[in-house]
Amino acid sequence: MLTAAASVALMERAGVAAEGAATTGVGYGTDPDLVKIYKPGDVWALTFTGAQRRTATALCDTIIPADAKSPAASKVGVPDFIDEWISAPYPGHADDKRTVVAGLNWIDAEAQKRFGNDFADLVLRQKNAICDDICAFGRAKPEFKQAAGFFRKFRDLTAGGFYSTPEGMKDIGYVGNVPSVNFDGPTPEALKHLGLA
Amino acid sequence: MPHISSSKTQPVYDVIVVGSGAGGGQTAYTLTMEGAKVLMLEAGRNYDPVKETPMFQTNNQAPLRGASTPDKPFGFYDSTVDGGWQVPGEPYTNASGDPARQFWWWRARMLGGRTNHWGRISLRNGPYDFKPHARDGLGFDWPMTYEDLAPYYDKTEMLVGVYGTNEGLENTPDSPAGCLLPPPKMRAGELLAQHRAKKLGIPVMAIHRAVLSAKQDAENLPAKLHPKNAKAQRLIAKAMRERAACFWATACGRGCSIKANYQSTTVHLPPALDTGNLDIVTDAMVRAVTVDENGKATGVSYIDRKTREERTVKARVVVLAASSAESVRILLNSKSPRFPHGLANSSGLVGKYIMDTVGARLGGQIPALENLPVHNEDGAGGAHVYVPWWLYKEQHAGKLGFARGYHIEFESGRRMPGMGSTSGVESMNGGNYGQQFKADARRYYGSFMGFAGRGEMIPNEDSFCELDPTVKDKWGIPVLRFHWKWSEHETRQAAHMQKTFAEIIESMGGKAGKPEATGAAAIEPGGKIIHEVGGTIMGTDAKKSVTNQWCQTWDVKNLFVTDGGAFCSNADKNPTLTIMALAWRSSDYLLEEMRKGNL
């Protein structure tokens, strides 16, 4: 069996006298309908305030703006997804909510401090000035370290939310999930790229 | 006979089979095809992959983009129902608070059990794997040889459909002509690894997986599977025609609505039900095997999970295939004045020598895979290649510091994006955003590869399970308490795995992640690989084993255990194919004994 990708962080270890407490009973449960199409808010309530949603939307679109290949993150529902994520009743998500809410507060306060406006109302150059200070955790100055931790989490959520949409999959070059009679393996161009042609 | 409710069971059956996964499915298939009247009891709910599989759903259509949660540990679209390393209301315990001494027990509460989501990797044990003690003095030899089981490997491969190649490698058996289906072409990263690892002397070859890379030969296979049994041939031919070939999309772990991969629910159970000889009761939580005054099994007692009623059913023969640890639990809970320590336990070995597979992994980033021209790499919904253990000579010469081998599984490809698909990008660019982030996401997508070792664990005295003296599940049934310990054979092997993976990644021009400092840190927890076997080991001596080579318990001759419990060693080869082959062989013996009037 293959190892569960990326599942470990959210897993509770089988502890002494495990009580089966890892499941909360308030999420989608251990037997959800897998065929149904879900959207954020269907299983648990969303919790962003209007102001949080506005700031989150602006930050999503700063991280993934529109370009020739694909739309901006907010055009494919990424803010709703982030809201779903931080509102989820599973271990770890409450921590992410604290990180995201505190980070959105910080970035608005920073925008006010530097430019006298909410983050969502800044022009691109101003948004970039703030994001440049916090986008690289390893290089962030001590006073921006905490905000950089938030930015990393928020970028992961934005990217995960975006690239899992049809628009995002097309952008990144995922062309599977279609039935075919044959599996052809790498194309001649791909083999050439690998030096195996 | 069909799916029935617990109130509709017959007064007595030929055989009761507890469990519906690889062992239970194969047992019920073999028995019903030969005319035995069988009742199958499954603790979980009924499950129909044809109706319930999310074949083309994308992650944005799932809660949390399909990410794993405690409710669905392998992600939302994993087929597992009511399962995981924790099952609500059905706890287990570990005797030690030390994580290194704990066992993770994966269960699935659904018809077909773990066969619905498994990796479909179907490797034969080789000749050495049946006689490990004879080779290095460790563990136990099986009371059979490779040649004894080989005909059943052949039949199992033909029945379930396995792709792969014959490479003639040491202790990595070839299959006779007509057994294997053609392997899918290798993906870009798999090809590159094959090309580069060759220089390291590491053979990358087609893996064997239970996926129909082509339609089964419904004209010729049935007669090979069921000679002189026209009805069985007709039924399995029909079942084979109802299975489609893989259409090269969607991950196998979701299940397969077109029946292109093997799961008990699409391959074993439909033809078994078609015989008219099988009744299936789901939501039947078995508590104990019942016995008469002579110590013969008479049937089982179980709890109907829907009504919470306690019920008993009767049969001439009882077969446990509930998963090796669950079968142990049932035996230990089958206490009576005659059997105060549980049933089939005169040796005191029920629950002893439980094993998992040694697991360790390492990932890396391969620049040659960056900016790869866009193409579809879905393939057969799982790996196309692997590395069989290749250092037999070095190991036999004592050069490695550990006694048994491992194989290598690959994670590669331009897979369906979900949470984490871009998580490696930060390690490449340090962290950015905007247009450059989008460009980097395109560049690095599909350029990360993971290598996972799967190695042999040697059974030891410190790895066992027993009944917890106090804890019961929500049905009032005493639960298992686990004890676990890896030996240095396993931790050294895990360290060797990571070293090898780093070498492969570097041979590909890539940058490997940081290996753990020690094998003990690299090794996955016991149970994490979900290759739970042992606990009712087979042998030649009733004092030193629980069953004979036919998975028949020494103490109770009409009681069999056909899950992984009878394994007395756990080769690096994933156990499912061997469980099925063994269950088929044991079922043939059971039928013969019934015909002779011995059961």
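Quick note on labels: first sequence line is chain A, next is B, and so on, each numbered from 1.
Top candidate by heavy-atom pairs under 4.5 Å with chain A, chosen from B:Lys51, B:Lys72, B:Arg254, is B:Lys72. Each of A:Ala148, A:Gly168, A:Gly160, A:Pro179 has some count of heavy-atom pairs under 4.5 Å with chain B, and the biggest count is that of A:Pro179. Taking chain A as the reference chain and counting heavy-atom pairs below 4.5 Å, the highest number among B:Asn429, B:Asp78, B:Asn371 is found for B:Asn371. Per-residue counts of heavy-atom pairs under 4.5 Å with chain B were compared for A:Gly173, A:Gly77, A:Ala72, A:Gly195; the largest is that of A:Gly173. Between chain B and the options A:Gly161, A:Ala159, A:Gly138, heavy-atom pairs under 4.5 Å are most frequent for A:Gly161. Heavy-atom pairs under 4.5 Å with chain A peak, among B:Arg120, B:Met416, B:Arg109, B:Glu377, at B:Met416. Residue with the most contacts toward chain A among B:Asp473, B:Thr470, B:Val81, B:Leu64: B:Leu64 (heavy-atom pairs, distance under 4.5 Å). Between chain B and the residues A:Asp156, A:Leu157, A:Val178, A:Asp61, the most heavy-atom pairs under 4.5 angstrom are made by A:Val178. Taking chain B as the reference chain and counting heavy-atom pairs below 4.5 Å, the highest number among A:Lys36, A:Lys127, A:Arg139, A:Lys69 is found for A:Lys69. With chain A as partner, the option from B:Ala441, B:Ser79, B:Gly450 having the largest number of non-hydrogen pairs under 4.5 angstrom is B:Ala441. Counting heavy-atom pairs closer than 4.5 Å to chain A, the top residue among B:Arg481, B:Arg443, B:Arg442 is B:Arg442. Per-residue heavy-atom pair counts under 4.5 Å with chain B were compared for A:Val43, A:Asp184, A:Asp42, A:Leu191, and the maximum is reached by A:Asp184.
Within the 4.5 angstrom heavy-atom criterion, atoms from both the backbone and the side chain of A:Ser70 approach chain B. Proximity to chain A is limited to the side chain of B:His195, based on heavy atoms less than 4.5 angstrom apart. Using a 4.5 Å cut-off between heavy atoms, B:Gln194 makes no contact with chain A at all. Contact of B:Thr422 with chain A is made through the side chain alone, with heavy-atom distances under 4.5 Å. Within the 4.5 angstrom heavy-atom criterion, no atom of B:Thr576 approaches chain A. Only the side chain of A:Ala88 comes within contact range of chain B, judged by heavy atoms closer than 4.5 Å. With a threshold of 4.5 angstrom between heavy atoms, B:Thr357 does not approach chain A through any atom at all. Proximity to chain B involves both the backbone and the side chain of A:Pro65, based on heavy atoms less than 4.5 angstrom apart. When heavy atoms are compared at a cutoff of 4.5 Å, B:Met55 approaches chain A solely by way of its backbone atoms N, CA, C and O. Only the backbone of A:Ala66 comes within contact range of chain B, judged by heavy atoms closer than 4.5 Å. Only the side chain of A:Leu196 comes within less than 4.5 Å of a heavy atom in chain B; its backbone stays farther off.
Within the 4.5 Å cutoff, side-chain heavy atoms of B:Pro88 are placed close to those of A:Thr30. With a 4.5 Å cut-off on side-chain heavy atoms, B:Glu426 and A:Arg152 count as touching. Using a 4.5 Å heavy-atom cutoff, the side chains of A:Asn177 and B:Thr250 are in contact. Contact check for B:Phe247 versus A:Ser180: no side-chain heavy atoms found under the 4.5 Å cut-off. Counting heavy atoms from C-beta on, the side chains of B:Gln57 and A:Ile37 come closer than 4.5 Å. Counting heavy atoms from C-beta outward, A:Glu84 and B:Pro63 have side chains that approach closer than 4.5 Å. Taking the side chain as every heavy atom from C-beta outward, B:Phe437 and A:Cys135 never approach each other to under 4.5 Å. Looking only at side-chain heavy atoms (C-beta outward), A:Ile172 and B:Arg414 stay at 4.5 Å or farther from each other.
At most 12 non-hydrogen atoms from other residues, nucleotides or ligands lie less than 6.0 angstrom from NZ of A:Lys75. Within 6.0 Å of NZ in A:Lys192 there are 12 or fewer heavy atoms belonging to other residues, nucleotides or ligands. For B:Glu52, the CD atom is densely surrounded, since the number of other residues' heavy atoms within 6.0 Å is greater than 12.
A side-chain N or O of B:Thr69 and one of A:Tyr28 form a donor-acceptor pair less than 3.5 Å apart. A:Tyr163 and B:Asn60 share no side-chain donor-acceptor pair at under 3.5 Å. No hydrogens or angles considered: a donor-acceptor pair under 3.5 Å links the side chains of A:Tyr90 and B:Asp71.
Applying a 4.5 Å heavy-atom cutoff, none of the residues of residues 95-103 of chain A approach chain B.
Among all heavy-atom pairs drawn from A:Ser164 and B:Gly418, the shortest one is CB-CA, 4.3 Å. Summarising the geometry of B:His375 relative to A:Ala190, their closest heavy-atom pair is CE1-CB, 3.7 Å, with the distance given to 0.1 Å. When all heavy atoms are compared, the tightest approach of A:Leu194 to B:Leu369 is CD2-CD2, 3.6 Å. Closest non-hydrogen pair, B:Thr58 versus A:Met169, comes out as CG2-CE, 3.5 Å. Between B:Ala188 and A:Pro186, the shortest heavy-atom contact is N-CG, 3.7 Å. Residues A:Arg155 and B:Asn432 share a closest heavy-atom pair of NH1-O, 2.9 Å.
No donor-acceptor distance shorter than 3.5 angstrom exists from the side chain of B:Asp378 to the backbone of A:Gly176, with no hydrogens or angles considered. No donor-acceptor pair under 3.5 Å is formed between the side chain of A:Tyr174 and the backbone N or O of B:Tyr445.
The distance from the CD atom of B:Gln435 to the CD1 atom of A:Ile64 is 10.5 Å, given to the nearest 0.5 Å. Atom CG of A:Leu59 sits about 10.0 Å away from atom OH of B:Tyr433, to the nearest 0.5 Å.
Both the sub-6.0 Å distance and the 45° axial angle are satisfied by B:Arg65 relative to the ring of A:Phe81.
Below 30°, between 30° and 60°, or above 60°: for B:Trp248 and A:Phe183 the angle between ring planes is between 30° and 60°, a tilted geometry.
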